[in-house]
Amino acid sequence: MRVIEGERVTKYFGGLAAVSNVDFHVDNGEIVGLIGPNGAGKTTLFNLISAAIALKSGVIRFKGEKISGLKPYQICRMGVSRTFQSVKVFSNLSVLQNVMLGSLYGAPAGMSDADANSEATELLEFVGLSNVSMIPAKDLTLANQ
Amino acid sequence: MDIIKFTSKKSFSIGFIGFVLVLLAALPLYAKGYTPILLTSIFMYVILSVSWTLFSGPTGYMSLATAAFFGVGIYTAAFLGKTLPLPVFIISGGLISSIVALLVGALTLRLRGIYFAIFTFGLVMLISNLLLFWELHAMETRGRFVVIVDYNTIYYTMLIIFVALMLTAYFIRRSKFGLALQSIGENEEAAAHIGINVTLVKVVNFAVSAFFIGAAGATIATRWTYVDPYIAFNPLFSFLPVLMAIFGGMGQLYGPVIGAVIFAYLQEILITRFAELYMLIFGVILVFSILYIPNGLVGLIQKWRKGGQAGEHASN
């Protein structure tokens, strides 16, 4: 089954075609990498998928449903998540709050505060950050961020 | 051990707040005339500055629309005050301000930084001049009289709005809505990609903050008795709340409260004793407080409380 697919995805920056008529798909269970030289449009393609920027033409589908044209938060709630090239943590929030935000808003149904708190605590334990869960995220080492 | 300490501290602060509220609620019984009038004006500034912080504090959007919402509240009281009972026209003042905030917010909250600040300030000028134009051409009068209300009633109305605002602000800070607001201030793009409907959160919060500003405007209008667009939409009401919040510190809920109380009281003293020098003294205090206590009084208090504990975590 196709998890994510794009058809003739195109984006221009002024006169420059950053992404031009790209067809791609990722199947269930696949791990796919995208490579290319600087300026090839890799990040732009990710930005188009997560709707950080709007595409000019083409269609992107997730599990058969069209996601191009939706807002970033809607795409996220459908189950598409992304990270950024430079880490973007909410620096003045605690590590726990950073993770809780994902539990609170990322799921389609939403979650109660208590559930989100316990889920975030478990996740932090899993990655070994529970001892620093209360400090502001900006005080973590770059690797831990 | 820590938990016991925490709960006893918490019940102490609840007790303290309760005590102050009782004192304030009983005020007209033991103080007459000047004191309730002075406190009404202090409460008004507290409401403006806390409301401003409610939106601009966590999100980092610098709103200068306070005077616009305030003026809309004032003019609502001027239009409706003579025909409707007090609670109705005050709530209407709040609601109409909220509606203006919803419209303006939906239109402009995509602007960031300085552009948002300028636009919101432009809004003050726009509404003010539209009203003036309309008054001069359609009504052929400038300004209007507002219904007069007993000063104790105004005092209690302001107190109720203040308490409602503090409760709202407290619960927003603790809720997931508050967390979302903070994440928007930290990094809006990441907030959107973590599943937060950033536009909705911002606009709703903007409208909530405008509600209290508008309600305070409708209340104080009854004390001013005569208003015209220049009085109602005085740009000073856009800047003062910002200054008060910065002076008090935005890190804690009580920051803008302290800032507004001190500034409003100072204004009262300076205006009566040194009428000509008051703006000058005001400005000097402000410059020094921004230079030497950038995190406001709250920052100063926290620094003093923590003592040497600051800088415990290695920053990297």
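Naming convention: chains lettered A, B, ... in sequence-line order (proteins, then strands); numbering from 1 in each chain.
Side-chain rings of A/Tyr73 and B/His193 stay apart, their centers remaining 6.0 Å or farther from each other. B/Phe206 has its ring centre less than 6.0 Å from the ring centre of B/Phe69.
Between the side chains of A/Asn92 and B/Glu186, at least one donor N or O lies within less than 3.5 Å of an accepting N or O.
Of the atoms belonging to A/Ser50, heavy atoms from both backbone and side chain fall under 4.5 Å from chain B.
Contacts with chain B were tallied for A/Gly106, A/Ser91, A/Ala116; A/Ser91 has the most, counting heavy-atom pairs under 4.5 Å. Chain B forms more heavy-atom pairs under 4.5 Å with one residue of A/Lys71, A/Gln97, A/Lys88, A/Gln74 than with any other, namely A/Lys88.
By the neighbour-count criterion of 12 heavy atoms within 6.0 Å, atom OH of A/Tyr12 is sparsely surrounded, having that number or fewer from other residues, nucleotides or ligands.
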